[in-house]
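The block underneath contains the structure these notes are about, expressed in structure tokens.
Quick caveat, the model's predicted, so the values are computed rather than measured. First the proteins, then the strands, lettered A, B, ... as listed; each starts at 1. What you see below is based on every heavy atom in this structure, not just the backbone, and it leaves out hydrogens, waters and symmetry mates.
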Number of protein chains: 2
Amino acid sequence: MSKRAFNFCAGPAALPEAVLLRAQSEMLDWHGKGLSVMEMSHRSDDYVAIAEKAEKDLRDLLSIPSNYKVLFLQGGASQQFAEIPLNLLPENGTADYVETGIWSKKAIEEARRFGNINVAASAKPYDYLAIPGQNEWKLTPGASYLHYASNETIGGLQFDWVPEAGDVPLVVDMSSDILSRPIDVSQYGLIYAGAQKNIGPSGLVVVIVREDLLGRARSSCPTMLDYKISADNGSMYNTPATYSWYLSGLVFEWLKEQGGVAAMEQRNKAKKDRLYGFIDNSDFYTNPISVNARSWMNVPFRLADERLDKAFLAGADARGLLNLKGHRSVGGMRASIYNALGLDAVEALVGYMAEFEKEHS
Amino acid sequence: MSKRAFNFCAGPAALPEAVLLRAQSEMLDWHGKGLSVMEMSHRSDDYVAIAEKAEKDLRDLLSIPSNYKVLFLQGGASQQFAEIPLNLLPENGTADYVETGIWSKKAIEEARRFGNINVAASAKPYDYLAIPGQNEWKLTPGASYLHYASNETIGGLQFDWVPEAGDVPLVVDMSSDILSRPIDVSQYGLIYAGAQKNIGPSGLVVVIVREDLLGRARSSCPTMLDYKISADNGSMYNTPATYSWYLSGLVFEWLKEQGGVAAMEQRNKAKKDRLYGFIDNSDFYTNPISVNARSWMNVPFRLADERLDKAFLAGADARGLLNLKGHRSVGGMRASIYNALGLDAVEALVGYMAEFEKEHS
């Protein structure tokens with residue numbers, strides 16, 4: 001019998017139990033074929049069908065238009081930080097970046113190694129507690145692209161709007177909020193997301209890219225980092241991360257069974273309303289992010305007295321509420337409540353938070 | 001009840017059943033912690049212990065000296081084809097490459113995009129049926145490194161000797177024969193191996209690199225491809241392929257239980273002797289590779305009449321002998337007999353081959 005905890009880890013994050021049960025049952029013998037998915041040639045009919053179904057389900061979930069390619073790559077979002085300028089920024093071009101926290105900052109630092117980067121806007125003057133409105137942004141006319149992170153996993157800062165980029169391709173790091181609610185893919189030139197939050201296990205990064213942006217890679221771009229090569233080869237220029245791709249496909253199937261991203265939006269809204277509502281009604285817990293920029297996925301919060309942090313975490317662990325410690329750069333607590341966690345997880349957390357507050361205030 | 005086939009796939013390849021059973025049992029609840037390994041933060045104590053044990057077991061298995069770093073990276077051997085010159089070949093330097101088949105050729109093509117490559121030797125004049133002796137090689141004095149592939153997975157050509165490189169760092173693609181027999185790591189500057197043959201699932205590449213070769217990356221090298229960054233961060237500059245790393249660790253444990261690489265060498269020798277012995281004693285099956293360059297891991301063979309290929313494969317499939325079709329560039333058959341396959345698999349194959357020969361000759 002399994003004893004599953006509520007896992008609030010920021011990533012690699014909780015996966016739906018139904019997905020793990022399915023993977024467990026298929027581990028040694030997939031569909032009676034006598035082998036595990038991870039033992040299949042990526043060129044075999046069975047594996048190609050698995051891979052294609054995963055892509056199709058993701059296309060269905062996000063209504064991805066047919067002029068976008070979906071790539072299943074390796075190296076995580078961090079490798080994309082280099083891959084994006086190597087593919088989309090000509091040596092004499094300029095790209096605009098918006099800085100709203102640690103991840104968008106890392107993207108900027110890496111991109112600067114490859115060309116001219118303009119930080120069009122920064123949340124720094126707002127102490128990373130709010131996102132500057134687009135009227136404050138200093139965009140470059142004719143920029144090669146405009147990059148932002150829709151959700152900052154560490155700071156807990158999320159866009160509840162989509163920047164207007166005009167003809168400039170909009171490039172977004174959606175690692176920690178993809179599939180959490182509906183999006184209009186056609187507003188973007190390129191969407192990328194490390195899998196290990198809302199998609200599947202780590203070691204996989206999904207890139208959704210408009211076809212006209214392919215074929216622009218610099219001559220110095222490693223072949224494995226050239227989007228066009230990946231697209232032309234169906235993400236199988238070399239052996240992809242086959243098992244992670246398969247598991248992601250199981251997550252996509254599960255999402256469809258749950259009612260898709262519209263249903264996820266309702267569920268995620270209920271979860272975040274419950275948690276932020278509880279925090280705001282308490283004198284013991286605080287979240288400082290301005291209300292319209294609060295992340296639905298990552299909820300950082302502080303206790304009234306940080307000397308209680310250890311006791312809070314120990315009590316949480318004892319109740320099977322795992323990985324609530326905040327990122328070292330922020331301190332305090334953080335509850336990541338991705339798709340795989342239900343309202344029951346949030347209720348359990350809130351129940352414990354109320355109990356702890358009562359004991360210590 | 002599982003019905004496991006004998007899987008002769010060249011990669012992603014068969015894994016030991018004991019490893020899959022262990023992964024299956026731990027899928028939803030690792031060591032009573034209430035979560036799957038793939039749901040753990042890579043920075044958590046539990047996961048770090050898993051990762052460190054995997055590295056230690058690999059160090060034990062290959063007796064890796066302490067002045068070598070072991071990296072668990074993404075992107076496969078194909079990404080290494082770029083990563084190696086970006087790290088080890090100065091813009092004005094020259095690297096020597098030996099071409100013995102499709103994979104070493106791909107490594108050469110990619111490296112040429114980054115600098116001056118000298119093909120020091122090629123098996124082409126031997127129709128890729130033999131490896132030219134080192135006395136025929138044209139090495140560059142002061143080369144940045146000397147690269148070769150110890151085993152060509154597609155052609156079935158394997159070095160049974162180690163090139164002498166003097167002070168030049170020897171760089172080897174061991175994707176398809178690492179851990180198949182003992183090696184002396186100190187003879188190499190850098191060893192790399194895609195995981196999906198003898199290590200674990202795809203999506204992971206292991207790099208064993210001598211410390212003095214770190215810190216030489218070009219300024220144009222993406223951060224994620226800089227060996228020193230990976231080494232300084234314990235292969236966790238970003239989220240690694242955590243589940244693949246864990247599974248590789250289970251394979252390393254299994255290898256130790258089997259008696260390590262010395263025991264594997266005995267077992268692999270028995271397997272290849274049985275299979276090549278049978279082929280050589282038959283007038284129906286042939287393998288054209290010169291005897292001392294025959295791969296212990298990948299055994300290509302042809303039937304006397306290629307019109308029988310389809311019937312041979314169908315009969316094999318029906319008996320649970322899977323993935324015997326040769327690579328499209330070579331044709332015929334190929335039996336990959338990595339560590340995870342025992343002599344029983346080879347006996348089953350030889351039994352079928354004898355039966356098929358009797359029926360059709």
Side-chain angles (χ1 to χ4, degrees), chain A residues 2-5 7 9-15 17 20-21 23-24 27-29 32-36 38-42 44 47 74-79 81-83 86 110 113-114 194 196 200-204 219-220 222-225 237-244 247 320 322-323, chain B residues 2-5 7 9-15 17 20-21 23-24 27-29 32-36 38-42 44 47 74-79 81-83 86 110 113-114 194 196 200-204 219-220 222-225 237-244 247 320 322-323:
Chain A
S2 91
K3 174 192 71 78
R4 295 269 298 163
N7 178 14
C9 190
L15 288 163
E17 183 166 327
L20 294 172
L21 283 166
Q24 183 179 47
M27 177 62 89
L28 277 91
D29 185 12
K33 300 294 178 112
L35 77 179
S36 179
M38 67 180 92
E39 300 175 304
M40 289 180 186
S41 166
H42 54 297
S44 65
Y47 188 76
Q74 297 181 54
S78 294
Q79 191 160 308
F81 296 165
E83 204 155 328
L86 284 171
E110 182 72 3
R113 305 184 57 235
F114 303 102
Q196 65 270 18
S202 64
L204 187 77
S219 62
S220 62
T223 302
M224 282 287 297
L225 274 60
Y237 174 75
N238 75 336
T239 314
T242 53
Y243 196 68
S244 303
L247 281 166
L322 305 185
N323 295 312
Chain B
S2 89
K3 173 193 73 78
R4 296 269 298 162
N7 178 13
C9 190
L15 287 162
E17 183 165 328
L20 293 172
L21 283 167
Q24 183 179 47
M27 177 63 88
L28 277 90
D29 185 12
K33 301 293 178 112
L35 76 180
S36 179
M38 67 181 91
E39 299 175 304
M40 290 181 184
S41 167
H42 55 296
S44 65
Y47 188 76
Q74 298 181 52
S78 294
Q79 191 160 307
F81 296 165
E83 206 155 327
L86 283 171
E110 183 72 3
R113 304 184 57 236
F114 303 102
Q196 65 271 19
S202 65
L204 188 76
S219 62
S220 61
T223 302
M224 282 288 296
L225 274 59
Y237 173 76
N238 75 336
T239 313
T242 53
Y243 196 67
S244 302
L247 281 166
L322 306 185
N323 294 314

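- In this structure, the portion of B:Ser219 lying under 4.5 Å from any heavy atom of chain A is its backbone and not its side chain.
- To the nearest 0.5 Å, atoms CE (B:Met38) and CG (A:Leu20) are separated by 6.0 Å.
- Here the SG atom belonging to A:Cys9 is positioned 12.5 Å from the OH atom belonging to B:Tyr47, to the nearest 0.5 angstrom.
- In this structure, the portion of A:Ser220 lying under 4.5 Å from any heavy atom of chain B is its backbone and not its side chain.
- Considering all non-hydrogen atoms of both residues, B:Pro12 and A:His42 come closest at CD-ND1, 3.6 Å.
- For A:Ala82, the part sitting under 4.5 Å from any heavy atom of chain B is the side chain, from C-beta outward, and nothing else.
- Only the side chain of B:Gln196 has a heavy atom closer than 4.5 Å to any heavy atom of chain A.
- With contacts defined as side-chain heavy-atom distances shorter than 4.5 Å, the pair B:Ser78/A:Thr223 does not qualify.
- Atom CD of residue B:Gln24 and atom OG of residue A:Ser36 lie 9.5 Å apart, to the nearest 0.5 angstrom.
- Of the atoms belonging to B:Leu322, it is side-chain heavy atoms, and not backbone ones, that fall under 4.5 Å from chain A.
- Taking chain A as the reference chain and counting heavy-atom pairs below 4.5 Å, the highest number among B:Ser244, B:Pro201, B:Ser44, B:Ser41 is found for B:Ser41.
- Heavy-atom distances place the side chain of B:Glu110, and not its backbone, under 4.5 Å from chain A.
- B:Ala13 touches chain A through its backbone: at least one of N, CA, C or O sits under 4.5 Å from a heavy atom, while the side chain does not.
- Scanning all heavy atoms of the two residues, the minimum distance from B:Asn238 to A:Gly76 falls at ND2-CA, 4.1 Å.
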